[in-house]
*Asks:* 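Sending over a structure as structure tokens; questions will come in a sec.
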Amino acid sequence: MEGTGANLRLPLNPPFFFESAVNYDATTGAGTLATGFAELRPLDKPSGQVRAWDPNLRPQFTQQWNVFAEYLLTPSTSANVGFVGHDATHLVTPVDANQSLPGVGDPSTWAPLQTRRPLYATAPLITNISTTAARGHSDYRALQASVRQRSVKDFEYLASYTLSRTRSNNLGYYGSAGVAAEGAYWMNTYEPEWNYGPAFFDARHNFVYSATYELPIGQGHQIGGDWSPLMNSVLGGWRVSGIFQARTGFPITIIDGSAPSLQGQRGNERPNCVGNPAPSDQNIDHWLDITAFSRAPRGTWGNCGVGVARAPGYKNLDASLSKRFSTGGDRYFEFRAEAFNLTNTPSFGPPARDINAPNTFGTITTTTSTARTVELVLKVFF
């Protein structure tokens with residue numbers, strides 16, 4: 001199996017790869033060509049962060065099933081509704097294989113974190129071990145419904161709605177831009193199911209409506225039916241189309257940047273949940289209620305799960321106005337004016353979610369949508 005980027009490949013471990021640096025400053029003086037690389041010291045012992053692959057690594061196993069019913073409402077309109085399921089196991093996951101263990105007694109008297117690592121007795125110089133394993137799993141359940149009308153009087157549309165739930169015990173390697181997820185590594189390596197909950201891309205409700213309509217103007221229509229070929233080529237045959245999407249917000253995982261467990265190094269730590277994270281006056285300046293969370297006692301893990309809150313939803317409308325100009329035979333020009341986010345409606349990103357930064361906690365300062373963009377396009381087909 002291939003790796004997931006240069007930073008997780010075994011050849012990056014000593015002795016195949018190492019980094020060495022020598023500082024030259026006012027105290028040591030400059031280096032000289034005479035000594036060359038002689039002062040660079042090879043790292044002949046594994047130290048710092050190293051990489052490993054789980055010997056039980058295997059490809060994922062996926063099961064999918066669905067059942068649908070479709071009904072013809074009219075000769076041109078049909079409705080479709082069904083249930084979709086998906087289960088996956090052995091998903092590739094990053095694991096810290098040398099996470100520190102808890103100490104003994106009062107946390108203020110615990111031994112240093114490095115000395116509490118499982119491999120400290122045999123490899124005291126190694127810190128984190130970034131392990132590629134196959135210990136993740138996910139599941140998806142959805143009710144999917146749609147209504148489709150094929151072209152009737154030059155109008156057609158498709159309306160789709162999905163009510164779904166997606167859960168997983170790991171974010172995976174490949175990032176989650178624009179969301180406030182739990183992080184690629186488990187909060188506690190020894191309890192991976194503590195991270196089982198809403199997946200970072202879980203949108204409970206999702207609605208999409210797309211439609212195309214040829215304006216009833218020009219030859220063959222009541223308006224403009226007697227136009228000359230020249231006038232019809234300019235004013236007739238215009239088409240309007242658009243896509244509208246609205247969905248609920250993605251999950252937010254609340255974190256505590258103070259890392260009170262004194263054990264975790266890779267995954268985000270979470271606080272205790274003590275109330276409703278959504279305030280009664282929820283707005284972009286107060287999207288989360290910090291009093292709904294409390295810091296876990298030193299040396300312990302918080303009881304908040306992943307995805308205990310939701311970011312704002314998303315709305316967007318893209319539209320286009322197009323016109324085809326025939327030049328004879330199979331050749332024609334097409335002019336199209338396209339507008340993305342036609343209404344210039346902002347869809348906001350997730351808020352700050354670190355209770356260790358109370359001054360910014362719950363405040364939204366980003367958007368997931370772009371400002372309205374208009375494009376004019378002229379294509380030649382031949």
*Asks:* Can you confirm whether or not the ring centre of Y332 sits under 6.0 Å from the ring centre of F381?
*Replies:*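 They qualify: ring centres under 6.0 Å apart.
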*Asks:* According to ring pair (Phe, Tyr, Trp, His ring centres under 6.0 Å), does anything in residues 94-147 pair up with another residue at least two apart or in another chain? List the pairs.
*Replies:*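 Sorted result for residues 94-147: H137-Y196.
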*Asks:* Any side-chain donor-acceptor pair under 3.5 Å between S168 and N170?
*Replies:*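 No.
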*Asks:* Could you tell me the separation between the CG atom of L73 and the OH atom of Y71, rounded to the nearest 0.5 Å?
*Replies:*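 Going from the CG atom of L73 to the OH atom of Y71 covers 7.0 Å.
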*Asks:* Between R298 and D106, is the closest basic N to carboxylate O distance under 4.0 Å?
*Replies:*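 Salt bridge absent between D106 and R298.
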*Asks:* When the ring centroid of F335 is compared with that of F333, is the distance short of 6.0 Å?
*Replies:*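 They do not qualify: ring centres at least 6.0 Å apart.
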*Asks:* Nearest 0.5 Å, please: how far is CD in E214 from CH2 in W238?
*Replies:*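 Spacing of CH2 (W238) from CD (E214) equals 12.0 Å.
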*Asks:* Is it the case that more than 12 heavy atoms not belonging to R148 sit under 6.0 Å from its CZ atom?
*Replies:*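 Atom CZ in R148 is not crowded, with 12 or fewer foreign heavy atoms closer than 6.0 Å.
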*Asks:* Hydrophobic clustering (ILVMFWY, side-chain heavy atoms < 4.5 Å, transitive) - are V308 and I355 grouped together?
*Replies:*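 Result: yes, single cluster for both.
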*Asks:* Please examine the side chains of Q144 and Y161, heavy atoms only from C-beta on, and report whether any two atoms are closer than 4.5 Å.
*Replies:*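 When only atoms from C-beta onward are counted, Q144 and Y161 do not touch, as no gap falls below 4.5 Å.
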*Asks:* Would you give the length of the straight line joining atom CD of E182 to atom CD1 of I255, rounded to the nearest 0.5 angstrom?
*Replies:*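 So the gap between those two atoms works out to 11.5 Å.
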*Asks:* Under a plain distance cut-off of 3.5 Å, with no hydrogens placed, do T127 and R117 share a side-chain donor-acceptor pair?
*Replies:*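 The criterion, which ignores hydrogens and geometry beyond distance, is not satisfied for T127 and R117.
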*Asks:* Locate the shortest heavy-atom distance separating R270 from I254; write the atom from each residue and the value.
*Replies:*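 Where R270 meets I254 most closely, the heavy atoms are CG-O, 3.4 Å.
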*Asks:* For the pair R135 and N169, evaluate side-chain hydrogen bond (donor to acceptor under 3.5 Å, both in side chains) and give the outcome as yes or no after the intermediate values.
*Replies:* CA-CA 9 Å; R135 306 176 195 173; N169 72 339; over 6 Å; no
*Asks:* Do F325 and L321 land in one hydrophobic cluster if side-chain heavy atoms of ILVMFWY residues count as linked below 4.5 Å?
*Replies:*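 Yes; tracing contacts between hydrophobic side chains, which count when under 4.5 Å, links both residues.
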*Asks:* To the nearest 0.5 angstrom, please state how far the CZ atom of R336 sits from the CD atom of E334.
*Replies:*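 Result: 5.0 Å between the selected atoms.
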*Asks:* To check you understand the geometry: which heavy-atom pair defines the closest contact between E269 and G264, and what is its length?
*Replies:*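 Reported closest heavy-atom pair: OE2-N, 3.8 Å.
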*Asks:* What verdict does the side-chain hydrogen bond (donor to acceptor under 3.5 Å, both in side chains) test give for H286 and D281, after you've listed the backbone C-alpha separation in whole Å, the side-chain angles of each residue and the deciding distance to 0.1 Å?
*Replies:* CA-CA 7 Å; H286 188 209; D281 61 339; 3.0 Å; yes
*Asks:* Let me see the working for R141 and T166 under side chain to side chain contact (heavy atoms under 4.5 Å, CB included), right down to the final yes or no.
*Replies:* CA-CA 7 Å; R141 305 288 185 269; T166 309; over 6 Å; no
*Asks:* Please tell me if the side chains of F83 and W65 come closer than 4.5 Å, counting only heavy atoms from C-beta onward.
*Replies:*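 Yes - at least one pair of side-chain heavy atoms lies under 4.5 Å apart.
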*Asks:* Would D202 and R310 count as a salt bridge (Lys or Arg N to Asp or Glu O under 4.0 Å) here? Give the steps.
*Replies:* CA-CA 10 Å; D202 176 57; R310 290 277 170 168; 2.6 Å; yes
*Asks:* Do side-chain atoms of T373 reach the backbone of A371 as a donor and acceptor pair under 3.5 angstrom?
*Replies:*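 Yes, T373 side chain to A371 backbone: donor-acceptor pair under 3.5 Å.
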*Asks:* Do we see a donor-acceptor contact under 3.5 Å between the side chains of Y185 and S130?
*Replies:*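 Yes, because at least one side-chain N or O of Y185 sits under 3.5 Å from a partner of the opposite role on S130.
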*Asks:* Measuring only between side-chain heavy atoms, which start at C-beta, is W186 closer than 4.5 Å to W194?
*Replies:*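 No, too far: nothing below the 4.5 Å cut-off.
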*Asks:* Could you label the plane-to-plane angle of the Y157 and F155 rings as parallel, tilted or perpendicular, counting under 30° as parallel and over 60° as perpendicular?
*Replies:*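 Answer is tilted, since the angle falls between 30° and 60°.
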*Asks:* Output yes when a side-chain donor or acceptor of T77 lies under 3.5 Å from a complementary backbone atom of T74, and no otherwise.
*Replies:*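 No, the answer is negative, given that no donor and acceptor are paired below the 3.5 Å cut-off.
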*Asks:* Measure across A181 and L171 and return the closest heavy-atom pair with its distance rounded to 0.1 Å.
*Replies:*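 Closest approach of A181 to L171, heavy atoms only: CB-CD1, 4.0 Å.
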*Asks:* Give, for atom OG1 of T343 and atom CG of N316, the distance between the pair rounded to the nearest 0.5 Å.
*Replies:*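 Answer for the OG1-CG pair, T343 versus N316, is 7.0 Å.
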*Asks:* Using a strict cut-off of less than 4.0 Å between a Lys/Arg side-chain nitrogen and an Asp/Glu carboxylate oxygen, indicate whether E156 and R150 qualify as a salt bridge.
*Replies:*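 Answer for the salt bridge query: no.
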*Asks:* With a 6.0 Å cut-off (strictly less than), is the heavy-atom count around NZ of K323, excluding the residue itself, greater than 12?
*Replies:*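 Result for NZ/K323: enclosed.
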*Asks:* Apply side-chain hydrogen bond (donor to acceptor under 3.5 Å, both in side chains) to residues N188 and Q99 and explain how you reach the verdict.
*Replies:* CA-CA 8 Å; N188 183 359; Q99 180 177 308; 3.2 Å; yes
*Asks:* Looking at R167 and D87, does any basic side-chain N land under 4.0 Å from a carboxylate oxygen?
*Replies:*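 No salt bridge links R167 with D87.
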*Asks:* Which heavy atom of L113 sits nearest to which heavy atom of L262, and what is that distance?
*Replies:*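 L113 and L262 have their closest heavy atoms at CD1-O, 3.9 Å.
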*Asks:* Counting C-beta onward and ignoring hydrogens, is there a side-chain heavy-atom pair between Q245 and L317 closer than 4.5 Å?
*Replies:*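 The answer is no, as the side chains (C-beta and beyond) never meet within the 4.5 Å cut-off.
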*Asks:* Surrounding OH of Y190 (heavy atoms of other residues, nucleotides or ligands, distance under 6.0 Å), is the total greater than 12?
*Replies:*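 Enclosed: over 12 neighbouring heavy atoms sit under 6.0 Å from OH of Y190.
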*Asks:* Determine whether a donor-acceptor pair (N or O, by modelled atom type, separation under 3.5 Å) exists between the side chain of T368 and the backbone of S347.
*Replies:*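 Such a contact is found between T368 side chain and S347 backbone.
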*Asks:* For T62 and Q64: C-alpha separation, side-chain torsions, deciding distance, then whether side-chain hydrogen bond (donor to acceptor under 3.5 Å, both in side chains) applies.
*Replies:* CA-CA 7 Å; T62 301; Q64 300 177 346; 5.8 Å; no
*Asks:* So does R116 get a backbone contact from the side chain of S100, meaning a donor-acceptor N/O pair under 3.5 Å?
*Replies:*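 Looks like no, no N/O pair under 3.5 Å.
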*Asks:* So, does R372 use its side chain to make a donor-acceptor pair with the main chain of L342 at under 3.5 Å?
*Replies:*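 Indeed, once roles are kept as given, a pair shorter than 3.5 Å links the two residues.
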*Asks:* To the nearest 0.5 Å, what is the distance between OG1 on T365 and CD1 on I284?
*Replies:*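 These two atoms lie 9.5 Å from each other.
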*Asks:* Look at atom CG of D330 and say whether more than 12 heavy atoms of other residues, nucleotides or ligands are closer to it than 6.0 Å.
*Replies:*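 No, not enclosed.
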*Asks:* If we ignore angles and hydrogens, is there a donor and acceptor under 3.5 Å between the side chains of S320 and S322?
*Replies:*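 On atom types as modelled, these side chains do not qualify, holding no pair under 3.5 Å.
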*Asks:* Is the shortest heavy-atom distance from the side chain of T363 to the side chain of P351 under 4.5 Å?
*Replies:*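 Heavy-atom side-chain distance check fails, nothing below 4.5 Å.
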